[in-house]
Amino acid sequence: MATNKFYDLDEELGEILISAEAIQKRVKELGDEITRDYRGKNPHLICILKGACVFHADLMRAIGLGISVDFIAVASYGSATRSSGEVRILKDLDESIEGKDVLLIEDIVDTGLTLDYLLKNLSTRRPNSLRVVALLSKPSRRLIPARVDYMGFEIPDKFVVGYGLDYDQRYRNLPYIAVLKKEPEGGARS
Ligand code: PRP
């Protein structure tokens with residue numbers, strides 16, 4: 001029998017902000033748009049681990065072109081220095097991006113610090129082009145302007161989980177985006 005339960009976690013979650021159906025529809029639209037824009041090219045899709053892994057996996061299958069993929073993992077230097085924008089690379093790309101048409105895939109843009117660091121870092125590696133795809137954006141939390149070329153949804157300042165996004169490494173496997181009932185202090189993702 002169909003059930004809405006997900007590992008008995010429902011009591012910890014508030015409203016479903018974006019349904020699984022709405023996400024899949026938007027991912028298809030973004031895939032179609034990218035397919036049109038990159039006609040004749042082979043975009044290189046870089047997944048920012050871990051949060052973007054689900055979006056990355058779905059988006060690449062919505063793109064009707066030959067693509068390649070790579071993965072990068074980053075972490076901020078902790079809350080005390082977070083506003084300084086210091087980010088460290090935990091796992092770097094496996095391959096050079098020189099001459100490639102890079103699409104940087106992010107699950108959520110919050111303060112914009114992670115994206116700003118990565119765009120500066122990757123642009124020194126001489127890609128042919130470098131654009132950003134973000135599933136979610138919280139414009140009200142921005143500390144630094146962030147350029148997002150393909151945007152899924154703008155959302156209010158609520159702590160959300162699911163579809164790759166975690167709280168304390170949990171909830172990444174929810175097929176929808178839900179609001180956490182008890183918001184962590186500060187509201188920052190990390
Ligand atoms: C989240 C998210 C972005 C970043 C956005 O990652 O995936 O990479 O925070 O925040 P910012 O705009 O304020 O920099 P997180 O550090 O939670 O790691 P994770 O992807 O491994 O969950």
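Worth saying up front: this structure is predicted, and the values here are computed from it rather than measured. For ligands, and for the atoms within them, numbers begin at 1 and follow the listed sequence.
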Is the contact between [X] and ligand 1 made by the side chain, the backbone, both, or neither, using heavy atoms and a 4.0 Å cut-off?
X	answer
Val87	neither
Arg172	side chain
Arg141	neither

Nitrogen or oxygen atoms of Gly51 and ligand 1 under 3.5 Å apart
yes
Do any N/O atoms on Ala52 end up under 3.5 angstrom from N/O atoms on ligand 1?
no
Gap separating the [atom1] atom of [X] from the [atom2] atom of [Y], nearest 0.5 angstrom:
X	Y	atom1	atom2	result
Lys41	Ile34	NZ	CD1	13.0 Å
Leu130	Lys120	CG	NZ	13.0 Å
Ile48	Ile72	CD1	CD1	7.5 Å

Pair Asp37, Tyr150: side-chain N/O donor-acceptor within cut-off below 3.5 Å:
yes
Should the pair Arg36-Asp32 be classified as a salt bridge under the 4.0 Å nitrogen-to-oxygen rule?
no
Arg125 bridged to Asp92 by N-O distance under 4.0 Å:
yes
Check the pair Glu12, Tyr167 against side chain to side chain donor-acceptor pair (under 3.5 Å), reporting the backbone distance first and the verdict last.
CA-CA 11 Å; Glu12 297 172 22; Tyr167 171 57; over 6 Å; no
Find all atoms of ligand 1 within a distance of less than 4.0 Å from any non-hydrogen atom belonging to [X], and give their numbers and elements.
X	answer
Asp107	2 (C), 3 (C), 7 (O)
Thr111	11 (P), 12 (O), 13 (O), 14 (O)
Ile108	2 (C), 3 (C), 5 (C)
Leu49	20 (O), 21 (O)
Lys50	19 (P), 20 (O), 21 (O)

Mutual orientation of the aromatic rings belonging to Phe55 and Tyr163 [parallel < 30°, tilted 30-60°, perpendicular > 60°]
tilted
Among the heavy atoms of Ala75, does any lie under 4.0 Å from an atom of ligand 1?
no
Any heavy atom of Leu115 closer to ligand 1 than 4.0 angstrom?
no
